[in-house]
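Data block below; observations after.
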Amino acid sequence: MPELPEVEVTRRSFADRIAGARIVDATLGKPLRWPLGCSLESLVGRRVTCVDRRGKYLLLRLDQGLLLVHLGMSGSLSFALNLPPSGPHDHFDLQTDRGHLRLHDPRRFGAVVWAPDDDAPVLRKLLGHLGVEPLSEVFSLADFSAGLKSSRAPIKQVLLSGKLVVGVGNIYASEALFLAGIRPTTQARRIGPLRAKRLHAAIRSVLAEAVAAGGSTLRDFQSADGSAGHFQLSAHVYGRAGAPCHTCAAPIKMVRQGQRSSFYCPVCQRP
DNA sequence: ATTCTCACCTGCGGGC
DNA sequence: TGCCCGCAGGTGAGAA
């Protein structure tokens with residue numbers, strides 16, 4: 001479920017409400033991807049100062065240290081004054097004096113990791129190699145273009161790697177490449193200035209529109225306040241193998257790239 | 001140094 | 001109805 005837009009929509013849905021909250025209790029369910037890295041007791045009494053985002057990670061900043069939250073493939077957050085009793089897939093709960101934050105994650109690819117500060121080794125390991133934020137001014141066409149030139153990998157893989165630009169996952173990579181008219185299998189270095197410019201713009205617009213629409217989902221995405229996204233209604237290629245292209249009516253194709261599915265229009269998207 | 005493959009885990013839908 | 005298989009939004013680790 002969660003690519004950058006879903007994570008950002010989730011952040012916005014509870015950041016203001018949890019800011020200033022004092023933690024009164026913390027509990028864990030089954031193990032997540034990585035260990036928490038601190039005792040649950042040490043979280044009690046801490047105050048949440050704000051919620052930032054880096055790529056697909058949320059950073060719950062505390063008055064001492066911070067909690068890194070990743071939603072993995074199937075994670076979602078809820079934040080409300082009162083939440084129902086924990087279910088079998090609720091694996092992290094943070095009770096505060098302003099509400100109850102909960103991570104629900106059936107597949108447990110997500111994580112909650114504590115770090116003492118922004119220079120902590122665990123943060124450097126998880127965030128250190130990440131590329132630029134696509135919705136910030138730092139995401140320049142010149143750097144993006146130069147980055148493409150230096151990679152022999154297929155453009156879809158380059159986008160997913162997060163080393164050039166963060167936050168583009170399997171759905172939005174396919175959608176952005178469709179908008180830019182580039183086939184996902186195209187070698188990144190073979191993308192010239194014109195197409196690089198189109199792709200740069202497509203990444204920004206597809207992510208920004210998805211954020212504005214409240215996030216996307218094939219199934220059940222909802223933000224921390226329970227509202228649902230509806231970007232899936234406007235997907236041009238993702239999940240549409242065999243269906244007619246919205247532009248030219250040719251059947252959308254699906255290919256496997258590194259264990260992931262890519263979708264493209266064989267007519268509108270050139271190699 | 002890049003690039004590729006695997007692994008982690010659960011649920012769901014399709015085919016038999 | 002029920003079982004088995006393949007697939008699903010991510011990403012670090014380790015192997016080529």
Side-chain angles (χ1 to χ4, degrees), chain A residues 1-10 28-35 37 53-58 68-77 87-92 103-113 121-131 146-176 184-190 206-207 210-211 213-223 228-235 237-242 254-263:
Chain A
M1 150 184 44
E3 297 185 31
L4 183 148
E6 292 74 37
V7 177
E8 176 60 17
V9 167
T10 296
L28 282 170
K30 288 185 183 176
L32 292 162
R33 178 160 189 183
W34 297 296
R53 179 186 57 73
R54 179 72 178 98
K56 298 168 190 168
Y57 291 89
L58 288 176
L68 203 60
V69 178
H70 198 287
L71 302 179
M73 290 274 264
S74 59
S76 62
L77 288 177
H89 301 308
D90 298 327
H91 302 301
F92 182 74
L103 173 63
H104 175 86
D105 185 7
R107 293 177 71 180
R108 291 190 281 129
F109 287 177
V112 181
V113 177
V122 65
L123 279 204
R124 300 169 68 88
K125 180 181 83 169
L126 298 178
L127 308 181
H129 60 93
L130 295 183
L148 294 182
K149 279 282 166 288
S150 69
S151 176
R152 305 172 185 279
I155 180 57
K156 170 84 179 313
Q157 318 272 64
V158 171
L159 293 179
L160 290 186
S161 79
K163 288 170 188 159
L164 237 194
V165 55
V166 295
V168 183
N170 208 36
I171 294 179
Y172 298 108
S174 280
E175 293 300 310
T185 49
T186 303
Q187 231 184 8
R189 61 177 355 189
R190 296 194 57 247
V206 74
L207 294 178
V211 171
S216 117
T217 179
L218 256 45
R219 302 202 177 104
D220 54 2
F221 170 70
Q222 59 179 41
S223 50
H230 48 276
F231 179 81
Q232 74 280 8
L233 299 176
S234 61
V237 288
Y238 188 84
R240 298 191 62 244
M254 181 179 89
V255 291
R256 293 296 283 184
Q257 292 183 284
Q259 322 289 44
R260 316 298 299 278
S261 294
S262 297
F263 301 86

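Since this is a predicted model, take the numbers as computed values, not measurements. Naming convention: chains lettered A, B, ... in sequence-line order (proteins, then strands); numbering from 1 in each chain.
- Contact annotation for Ser161(A): no contact, since no heavy-atom pair falls under 4.0 Å across all strands.
- Here Leu126(A) lies in heavy-atom contact (under 4.0 Å) with sugar-phosphate atoms only.
- Atom-to-atom, CD of Gln257(A) to P of dG10(C) comes out at 14 Å; the value is rounded to the nearest Å.
- Close to dT2(B), at under 4.0 Å from its OP1 or OP2, lies no side-chain N or O of Lys163(A).
- Closest to the His89(A) side chain, of the nucleotides dA8(C), dG9(C), dG11(B), is dG11(B).
- Stacking here means ring centres nearer than 5.5 Å and ring planes tilted less than 30 degrees, and by that measure Phe109(A) stacks onto dC8(B).
- Across all their heavy atoms, Val168(A) and Glu3(A) have their closest contact at C-OE1, 4.0 Å.
- Rounded to an integer number of Å, the gap from Leu160(A) CG to dT3(B) P is 14 Å.
- Judged by atom type and distance alone, Arg108(A) does not reach the base of dC9(B) through any side-chain donor-acceptor pair under 3.5 Å.
- A 4.5 Å side-chain heavy-atom check between Glu6(A) and Leu71(A) finds every atom pair outside the cut-off.
- Arg189(A) has no side-chain polar atom (N or O) that falls below the 4.0 Å cut-off from OP1 or OP2 of dT3(B).
- Between Tyr172(A) and dG10(C) there is no side-chain N or O to OP1 or OP2 distance below 4.0 Å.
- Applying the side chain to side chain contact (heavy atoms under 4.5 Å, CB included) test to His104(A) and every residue at least two apart in sequence or in another chain returns Ser76(A), His89(A), Asp90(A), Pro106(A).
- Residues satisfying the side chain to side chain donor-acceptor pair (under 3.5 Å) test with Lys56(A), not counting sequence neighbours, are none.
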Go ahead and write out DNA chain C as dot-bracket, 5' to 3': ( ) for pairs within the strand, [ ] for ones crossing earlier pairs, | when the partner sits on another strand, dots for unpaired; Watson-Crick or G-U wobble, both distances under 3.5 Å. .|||||||.|||||||
Restricting both atoms to N or O, compile the protein contacts to nucleotides 4-7 of chain B shorter than 3.5 Å, with distance only.
residue: dC6(B); atom: OP2; partner: Gln259(A); partner atom: NE2; Å: 3.1

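- Distance CD (Glu3(A)) to C1' (dG10(C)): 9 Å, rounded to an integer number of Å.
- Applying the side chain to side chain donor-acceptor pair (under 3.5 Å) rule to Arg54(A) yields the partners Glu133(A); only residues at least two apart in sequence or on another chain are considered.
- As a whole-Å value, the separation of His91(A) NE2 from dC8(B) C1' is 13 Å.
- Both Pro106(A) and Val158(A) sit near DNA chain B, but only Val158(A) has its closest nucleotide nearer the 5' end.
- Distance, Ile155(A) CD1 to dT2(B) P: 16 Å, rounded to whole Å.
- The shortest heavy-atom contact between Tyr238(A) and Ala235(A) is O-CB, 4.1 Å.
- Look at His70(A) and you won't find any side-chain N or O under 4.0 angstrom from OP1 or OP2 of dG10(C).
- Residues passing the side chain to side chain donor-acceptor pair (under 3.5 Å) test with Thr10(A), sequence neighbours excluded: none.
- Here dA8(C) presents its C1' atom at 10 Å from CZ of Phe263(A), a figure rounded to the nearest Å.
- Residues satisfying the side chain to side chain contact (heavy atoms under 4.5 Å, CB included) criterion with Tyr57(A), sequence neighbours excluded, are Trp34(A), Leu59(A), Leu68(A), His70(A), Leu126(A), Leu127(A), Leu130(A).
- Remark: C1' of dT11(C) and CG of Leu68(A) are 13 Å apart, rounded to the nearest angstrom.
- Using a 4.0 Å heavy-atom distance criterion, Arg260(A) is classed as a base contact.
- The phosphate of dT11(C) (OP1 or OP2) has a side-chain N or O of Lys56(A) nearer than 4.0 angstrom.
- Screening residues 147-156 of chain A for side-chain hydrogen bond (donor to acceptor under 3.5 Å, both in side chains), with sequence neighbours left out, gives Lys156(A)-Asn170(A), Lys156(A)-Ser262(A).
- Gln157(A) meets the side chain to side chain donor-acceptor pair (under 3.5 Å) test with no other residue; sequence neighbours excluded.
- Distances shorter than 4.0 Å separate some side-chain N or O of Ser261(A) from OP1 or OP2 on dA8(C).
- For Ser151(A) and dT3(B), the shortest distance from a side-chain N or O to OP1 or OP2 is below 4.0 Å.
- The minimum heavy-atom distance between Phe263(A) and Pro184(A), with the atom names listed, is O-CG, 4.5 Å.
- When the P atom of dG9(C) is taken as reference, atom CD1 of Ile171(A) falls 7 Å away, rounded to whole Å.
- The phosphate of dA13(C) has OP1 or OP2 within less than 4.0 Å of a side-chain N or O from Lys125(A).
- Using a 4.0 Å heavy-atom cutoff across all strands shown, His129(A) reaches sugar-phosphate atoms only and no base atom.
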